[in-house]
Q: 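Okay, here's the structure, questions in a sec.
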Amino acid sequence: MKYYDVILPVPTGGIYTYTSEDEIQNGVRATVPLGRRTLTGIVLRENTAPDESIKYRNISTVHDTNPIFSCEYMDLIMKISEYYCAGAGQVLKGVISEQVYTSEKTTVEIKHFEPKELTLNEAQLSVYNGIYSSLKDGFSTHLVHGVTGSGKTEIFIELAKKVIAEGKQVLYLVPEISLTPQLENRLSARMGFDVLSYHSKKTPKKRKEAFWSFSAGTLPMMLGARSSLFVPAKEIGLIIVDEEHESSYKQDEIPSYQLRDMSVLYGKILKIPVILASATPSLESWANAKSGKYLYHSIPCRPDTDMPEIQIVDMKEEEPIGGILSIPLYDAIYETINRGEQVILLINRKGYSHTLYCRKCGNIINCSNCSVAVTYYKSTNTCKCNYCSQEVRRPKCLHCGSDDITDYGAGTEKVAEVLETAFEKKILRLDTENVKSYKKLSEMLKSFEDGEYPIMAGTQLVAKGLDFGNVTLAGIINIDNMFTLPDFRANERAYQLLLQLAGRAGRADKKGRVVIQTAMPELDLFKRLDCLDTTFYEMEMARRKLFNYPPFYKMCRITLSHTKEEAVKDAAFLVYDTLLRFKNDAEVFYPAQAPIYKIQNRFRYGIIIKSPLNSELSKLIRAAANTLKDNAKTTLRIKIDRDPHFFM
DNA sequence: AGCACGCCGACT
DNA sequence: GTCGGCGTGCTC
């Protein structure tokens with residue numbers, strides 16, 4: 001009789017021990033009973049010291065003769081579990097779809113054809129050589145800092161070919177796969193075989209095919225979003241993380257891991273190189289490059305065009321059309337579309353208006369379940385909460401009962417409406433409300449590319465990785481609301497967004513232009529929007545150092561929630577006391593109501609911890625979790641967010 | 001997470 | 001009297 005530890009996709013703990021008459025290899029899938037249920041998990045290891053007091057049950061079915069998940073893979077899962085303070089089962093659940101890994105192995109034939117050859121230019125070649133030389137030396141991390149359109153992808157394609165020629169596989173990660181169906185085609189054409197992609201918007205069948213083909217090793221290269229790092233490969237030789245600065249790499253749900261960091265960790269475990277690439281690197285990666293932890297490579301210029309001209313419009317001096325369009329932006333749009341060229345506009349709010357209020361008493365209309373103002377959608381004539389999706393049919397003032405309600409704060413719908421009136425042209429509106437499916441998105445992007453619309457207006461979606469040759473003007477309606485969020489990365493985010501947006505304008509042979517509307521034109525940030533200039537990084541680093549922010553200090557945010565106000569508050573102070581008792585060099589913030597105090601009728605308190613040492617942070621988090629385990633047995637929920645990116 | 005147990009209010 | 005609400009606790 002042998003004993004085996006099995007990881008099961010259940011949120012608590014997740015490691016259970018079972019018995020078997022047969023010898024079982026680590027990393028195979030096994031179906032076991034748990035309570036009244038039957039679940040399929042992964043065999044983690046043999047347990048040589050079982051607890052006498054527990055009556056173990058038998059493994060019902062073993063699915064594989066050879067391991068699907070390597071010991072390096074299991075190592076990664078366990079390290080994530082430890083670092084992000086989530087049960088192994090919770091990690092497994094959050095990282096691979098149960099539907100996919102429990103499915104029959106269905107591989108698909110990968111078609112091979114004659115690849116399209118391209119020669120690298122001098123700048124590309126120098127980066128290529130820099131990385132190539134360390135390709136066979138095991139683990140190394142490379143930060144490739146190259147402006148938009150500098151041809152980073154071509155370098156990675158050539159490196160990938162070398163790795164594949166050695167019989168190993170390549171993983172190419174992008175932050176938002178749904179926006180880049182073009183990349184799949186481009187990679188396939190250049191590699192000379194079908195590069196399959198793996199992401200949540202694919203049909204289950206397609207996902208299973210990509211999963212099992214990558215697992216079998218018949219698929220040499222896979223393109224994917226966050227979750228594809230956890231597709232078990234036969235043998236990975238290189239991981240590429242494109243647009244490494246993107247905050248969508250940080251998962252908000254438990255386990256809230258940072259994919260970029262996990263890629264580097266996996267590379268370390270596998271002893272292979274990892275490439276991080278961006279036109280606007282994160283401060284974390286920048287710091288690692290400066291310290292020599294990452295090898296730094298830069299491509300300083302766009303090979304084909306000049307950088308766009310950037311214009312800052314002071315909204316204090318303007319009387320904008322419809323409260324939205326300044327005269328300089330209006331003129332710029334007018335000139336651009338008159339030349340038959342196209343415009344991309346960014347608005348970072350969806351709906352028609354983000355706030356409704358009572359005209360009688362000034363009270364803001366909040367969602368009844370959450371402490372958030374409801375968003376008004378004119379297209380469907382509804383008011384919806386962005387946090388719990390609850391609809392309010394006919395909003396009335398909860399304070400005075402009046403139904404004389406009006407709105408302010410323009411979203412994509414309002415902007416599109418104003419633009420349509422101003423230019424008498426149909427506008428393409430792109431936001432999550434409007435784009436429900438992958439197919440629809442592709443169609444919309446295609447129609448814009450074909451010139452059916454002169455202007456595309458949308459949320460952050462429009463700034464991410466889109467590439468249209470005829471776009472020569474990019475505008476941002478209101479950058480200022482980025483600074484209203486409680487987020488120490490606001491500056492960094494604004495900088496990245498503006499430079500990325502600038503990269504959307506004038507990528508082919510035409511000179512691009514960027515117009516930024518702001519009421520704070522004096523912000524230093526606007527003077528640093530030259531991608532050849534790295535003073536932004538130095539200034540931001542100095543600020544982070546002064547206030548003990550990452551990358552200098554490590555951060556963790558603990559959020560507690562409960563249906564009763566008193567219960568969360570008590571729990572928060574209980575945790576706070578524990579943290580004070582255990583802390584050394586760390587800074588522990590006084591417990592505070594979360595910026596959104598109530599979500600789905602649960603009240604929320606937050607505590608932020610900062611420490612120069614990751615080890616101290618781990619110790620404190622553990623102490624906090626233990627205190628609650630011992631003292632709070634009610635429906636209190638704890639969320640531990642390590643290296644947080646979202647602070648609401 | 002499921003799933004069951006268990007203890008209180010409002011129905012035939 | 002029982003149906004069903006969800007708060008609590010456990011699963012090798």
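Below, read A as the first sequence line, B as the second, and so on, with proteins coming before strands; counting in each chain starts at 1. Any value given below was found using the heavy atoms of this structure, including those in side chains, with hydrogens, waters and symmetry copies removed. These figures come from a predicted structure and were not determined experimentally.
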Q: A/Arg637 CZ to C/dG7 P: how many Å, rounded?
A: 11 Å
Q: Which whole-number value in Å describes the distance from A/Lys55 NZ to C/dT11 C1'?
A: 9 Å
Q: Measure from CG on A/Leu8 to P on C/dC10 and round the result to the nearest Å.
A: 19 Å
Q: If we ignore hydrogens and angles and just use 3.5 Å, is the side chain of A/Tyr249 paired with the main-chain N or O of A/Arg226 as donor and acceptor?
A: no
Q: Starting at atom CG of A/Asn47, determine the distance to atom C1' of C/dC12, rounded to an integer number of angstrom.
A: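 About 10 Å, once rounded to whole Å.
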Q: Give one of base, sugar-phosphate or nothing for A/Pro50, where a contact means two heavy atoms less than 4.0 Å apart.
A: nothing
Q: Could you tell me whether a side-chain N or O of A/Ser371 sits under 3.5 Å from a main-chain N or O of A/Tyr597, the two making a donor and an acceptor?
A: yes
Q: Counting only side-chain heavy atoms from C-beta out, which of C/dC12, B/dA4, B/dA1 sits nearest to A/Leu34?
A: C/dC12
Q: Round to the nearest Å and state the distance from A/Asp5 atom CG to C/dT11 atom C1'.
A: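 Rounded to the whole Å, the gap is 15 Å.
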Q: Picking from B/dA4, C/dC12, C/dT11, which would you name as closest to the side chain of A/Arg37?
A: C/dT11
Q: Would you confirm whether A/Thr484, through its side chain, and A/Asn481, through its main-chain N or O, come within 3.5 Å as a donor-acceptor pair?
A: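 Yes: the side chain of A/Thr484 pairs with the backbone of A/Asn481.
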Q: Mapping A/Lys93 and A/Arg36 onto DNA chain B by nearest heavy atom, which one lands closer to the 5' end?
A: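 Its nucleotide being nearer the 5' end, the pick is A/Lys93.
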Q: Rounded off to whole Å, could you give me the CD1-to-P distance for the A/Ile15 and C/dT11 pair?
A: 16 Å
Q: Starting from C1' on C/dC12, measure out to CG on A/Leu39 and report it in whole angstrom.
A: 12 Å
Q: How is A/Tyr18 classified with respect to the nucleic acid when contacts are heavy atoms under 4.0 Å: base, sugar-phosphate, or nothing?
A: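 It contacts sugar-phosphate atoms only.
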Q: Would you mind reading off the distance between A/Ile59 atom CD1 and C/dT11 atom P, rounded to a whole angstrom?
A: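 After rounding, the reported distance stands at 18 Å.
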Q: Can you tell me how the ring of A/Tyr549 sits relative to the ring of A/Phe488, calling it parallel under 30°, perpendicular over 60° and tilted otherwise?
A: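 Parallel, since the angle between the ring planes stays under 30°.
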Q: Which nucleotide in the list B/dA1, C/dC12, B/dC3 gets nearest to the side chain of A/Ile54?
A: C/dC12
Q: I'd like to know if the side chain of A/Arg604 and the backbone of A/Ile596 have a donor-acceptor N/O pair within less than 3.5 Å.
A: yes
Q: So if I take every side-chain heavy atom of A/Arg57 and compare against C/dC12, B/dA4, B/dA1, which nucleotide ends up nearest?
A: C/dC12
Q: Just call it for A/Thr12: base, sugar-phosphate, or nothing, with non-hydrogen atoms closer than 4.0 Å on any strand.
A: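 Answer is base: heavy atoms of A/Thr12 come under 4.0 Å of a base.
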